[in-house]
There are 2 protein chains.
Amino acid sequence: MATIYDVARIAGVSPKTVSRVLNGDAPVGKATREAVESAISQLDYVPSNAARMMRSQRSGLIGLITGAISMSPEPTQPAGLPELFIVQGIQKSLANSGMTMMIADTGGVVEKAAPLIDTFLRHRVEGLIYVAEYHQKVALPVISDGTPMILANCFDDRGTPAILPDDWRGQHDLVARLITAGHRRIGYLTLRPEIAAGPLRLDGYRAALLAGGITYDAALVANCDLEGRDGETQLLWEAIDRMLRLSSPPTVFCCGNDKMALRVYGILRSMGRKVPTEVSVAGYDNYRVIAETLYPPLTTVDLPYTAMGVRAAQRLMAMISGEIREEKGPTLVAGPVYWRDSVTELRPANVSLLKSVREE
Amino acid sequence: MATIYDVARIAGVSPKTVSRVLNGDAPVGKATREAVESAISQLDYVPSNAARMMRSQRSGLIGLITGAISMSPEPTQPAGLPELFIVQGIQKSLANSGMTMMIADTGGVVEKAAPLIDTFLRHRVEGLIYVAEYHQKVALPVISDGTPMILANCFDDRGTPAILPDDWRGQHDLVARLITAGHRRIGYLTLRPEIAAGPLRLDGYRAALLAGGITYDAALVANCDLEGRDGETQLLWEAIDRMLRLSSPPTVFCCGNDKMALRVYGILRSMGRKVPTEVSVAGYDNYRVIAETLYPPLTTVDLPYTAMGVRAAQRLMAMISGEIREEKGPTLVAGPVYWRDSVTELRPANVSLLKSVREE
DNA sequence: CGGTGTCATGTCATCGGTGTCATAAGAGAA
DNA sequence: TTCTCTTATGACACCGATGACATGACACCG
């Protein structure tokens, strides 16, 4: 592979002049520049980042660690996709700053994070991002040197800067929108409470009810999410069946996520209940494959993964450039409600009141 | 950041000895080794890959280019997931060989591939992999230096080594299995022919019919896949309606992919036809979010993305180590049929005859 | 016409490791 | 005892860029 010396020799100039042509850091005569450029293309010269990096002490690299490119031993989860969107956002932001991204994968095994971080440090990455597949708490090894790090879709108890979805607000906005549409009996089939998003969304649901002047009714809430997924459909069936037999049954079911909503569609159809004319359904995640493909299309809340990625990259770049003495703790990113046909408007909604709701 | 000289000074040895401890390329005395290791951990020393690379001329890097981490302007496609699995397979293989992966993204714009390849060459990657989001033909810029390159899920007309799904065999095996199950009128709702997989799968379908002694009937085949997706549901509805009115209607619908099958479920239910008791449905892709979550779970053909990734990495590593003067052209990877409850067994199947069929 | 500034270019050292070769110390053989 | 032969370690150059500094050629100024 050709070096800068080869180019210099062919062009009849000093290596430093070639360097100047490449980097444009000092004026170069027109004739000289052309000679150099001709030599470069003649030799197919590509400068070595390693050599440049040694001298300049800047790698232009960002390390990205994710847990879900390769997933846990049992890859039943549809995960991965969220992370992909986050990565997409990060990539988009980073591309503009001339940074190159290195991606490594823990294969879902947290212990693998340490050697991966080490690999990145060997490459002298200027920043690290850890992306989790769903909103959760993590415990990563401490980075001893000063390399900045940011967490996306997860947080720790050391106050490492983190970017998180605003689950509370999302569920709140959705339920507020349902209330605006005239729904007052709102069933909620929740995620299990161990998942970080579970309690947050439940709180958002309750807050929206409160703000809408509706009393919280525990009979309308059921956890239908199991660790192992086998019993889920049955659990859902029972919960829905029970709620629909109430003297004042729900007119809409909020589901913990879109995948659960997909199941609920099937169950309601099996029960002979038409969606949305007899009962409405809403999801969470805006998992497009499901939400847009279902018939009728699913009303849901967007998990703003791409935006989170963008924010993560921006915050990291700010830390790297040292502009800001970053305050610790999380940045919350809220996503809009996607209003589709799976929910009936019981009365005409005054949509203009709801700023964060997005109609399709 | 500490250097090898700092470590050497603290440990009271020469830098070269520290290097030997790190790389184990020559015997080092026990006491010396311990002094060095102590100094290393005392200083939190992490060796610089850049410096190492300069001397040894080996980067330990593999460049991966993908078109779908950030997708086309209109991100309605659920794409990305397939690529993720391919990347997972690549990562898995590569991790064992001590290679680190750099990932870059074209954002769906093919023209961006050239500068990304250039970035990788600057980093002196030892190999390149281009991953496409679906089976297609591509035209990438030629790599002028000798860096080996491999295509995954795509091919070009220069005979660049490629890893492709065996669409012909997959569809063939599925249809053969349907025939074994007693189906003789097999409807096929195809992908549009411009997609590489379309004609291959159609050929597989016809070959399986032929082998099963069933005459191909054009009335049972319809293209239901449009470039813009708007008319698709209607197209499907019409095709299904037409076929079901035939004097000898299909007992099973093969769908171009699982997403189409999801739509077909909805349509058949709307028509009041029960799946699978009245009519069976089969998909293609084994897109788990859909195939496993649908009720009843969907019989489909696995697109062996992970395996393709593994093969891609293996073939690349073989090219890098120069073991093999690689022959050009594609490697086909076949995936198994996943037999689930969306297809009725019209007569008891002798499954043992079908080696590549996987029961759940 | 000398002084001063700008432009264009070259010289040289250096970043942090490792390959090559040299060398000292002890072990075993003659 | 002396001569190999390992074993353990050091000295030194070098990989390919770039930063700091120097220099020569003009241009412009008073």
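Note that these values count all heavy atoms, side chains included, but never hydrogens, waters or copies made by symmetry. Residue numbers begin at 1 in each chain, while the letters A, B, ... track the order of the sequences.
Atom CD in E34(A) sits about 14 Å away from atom P in dA8(C), given to the nearest Å. Taking atom CG of residue D6(A) and atom P of nucleotide dG16(D), one finds them 8 Å apart after rounding to whole Å. Going from atom CG of N49(A) over to atom P of dA17(D) covers 10 Å, rounded to whole Å. Straight-line distance from the CG atom of L121(B) to the C1' atom of dG16(D): 16 Å, rounded to whole Å. In this entry the distance linking CE of M54(B) with C1' of dA13(D) reads 13 Å, nearest Å.
Every pair passing salt bridge (Lys or Arg N to Asp or Glu O under 4.0 Å) that includes a residue from residues 42-59 of chain A is listed here, sequence neighbours excluded: R58(A)-E126(A). The stretch residues 1-20 of chain B participates, sequence neighbours left out, in these salt bridge (Lys or Arg N to Asp or Glu O under 4.0 Å) pairs: D6(B)-R9(B).
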Atom pairs and distances, side-chain donor-acceptor, residues 28-43 of chain B, under 3.5 Å, sequence neighbours left out:
from   : atom 1 : to     : atom 2 : distance (Å)
R33(B) : NH1    : V28(B) : O      : 3.4
S41(B) : OG     : S38(B) : O      : 3.2

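Scanning for ring-ring contact (aromatic ring centres under 6.0 Å, His included) contacts around F155(A) gives H135(A), with sequence neighbours left out. Considering only residues two or more places apart in sequence or on other chains, A95(A) meets the side chain to side chain contact (heavy atoms under 4.5 Å, CB included) condition with none of them. In terms of the side-chain hydrogen bond (donor to acceptor under 3.5 Å, both in side chains) criterion, residue partners of T147(A) (sequence neighbours excluded) are, by chain and number, D145(A). By the side-chain hydrogen bond (donor to acceptor under 3.5 Å, both in side chains) test, S59(A) is found to be paired with no residue, residues two or more places apart in sequence or in another chain being considered. Legend: residues meeting side chain to side chain contact (heavy atoms under 4.5 Å, CB included) with T160(A), ordered by chain and number and at least two apart, are M149(A), L151(A), D156(A), R158(A). For S97(B), there are no side-chain hydrogen bond (donor to acceptor under 3.5 Å, both in side chains) partners, not counting sequence neighbours.
Taking every heavy atom of both residues into account, P165(B) and L303(B) meet most closely at CB-CD2, 3.6 Å.
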Base versus backbone protein contacts along nucleotides 17-22 of chain C [heavy-atom cut-off under 4.0 Å; B, S, -]: BBB---
Nucleotide-level pairing of DNA chain D, given in dot-bracket where Watson-Crick and G-U pairs need both distances under 3.5 Å and | marks other strands: ||||||||||||||||||||||||||||||
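Contact between the side-chain N/O atoms of Q57(B) and the OP1/OP2 oxygens of dG16(D) is found at a separation under 4.0 Å.
When distances are taken from the side chain of S14(A) to each of dT11(C), dG10(D), dA8(D), the shortest belongs to dT11(C).
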With side chain to side chain contact (heavy atoms under 4.5 Å, CB included) as the test, would you mind laying out the steps for L116(B) and Y130(B) before giving the verdict? CA-CA 11 Å; L116(B) 292 177; Y130(B) 182 89; over 6 Å; no
Below 3.5 Å is the cut-off: list the nitrogen or oxygen pairs between protein and nucleotides 25-27 of chain C, distance only.
none

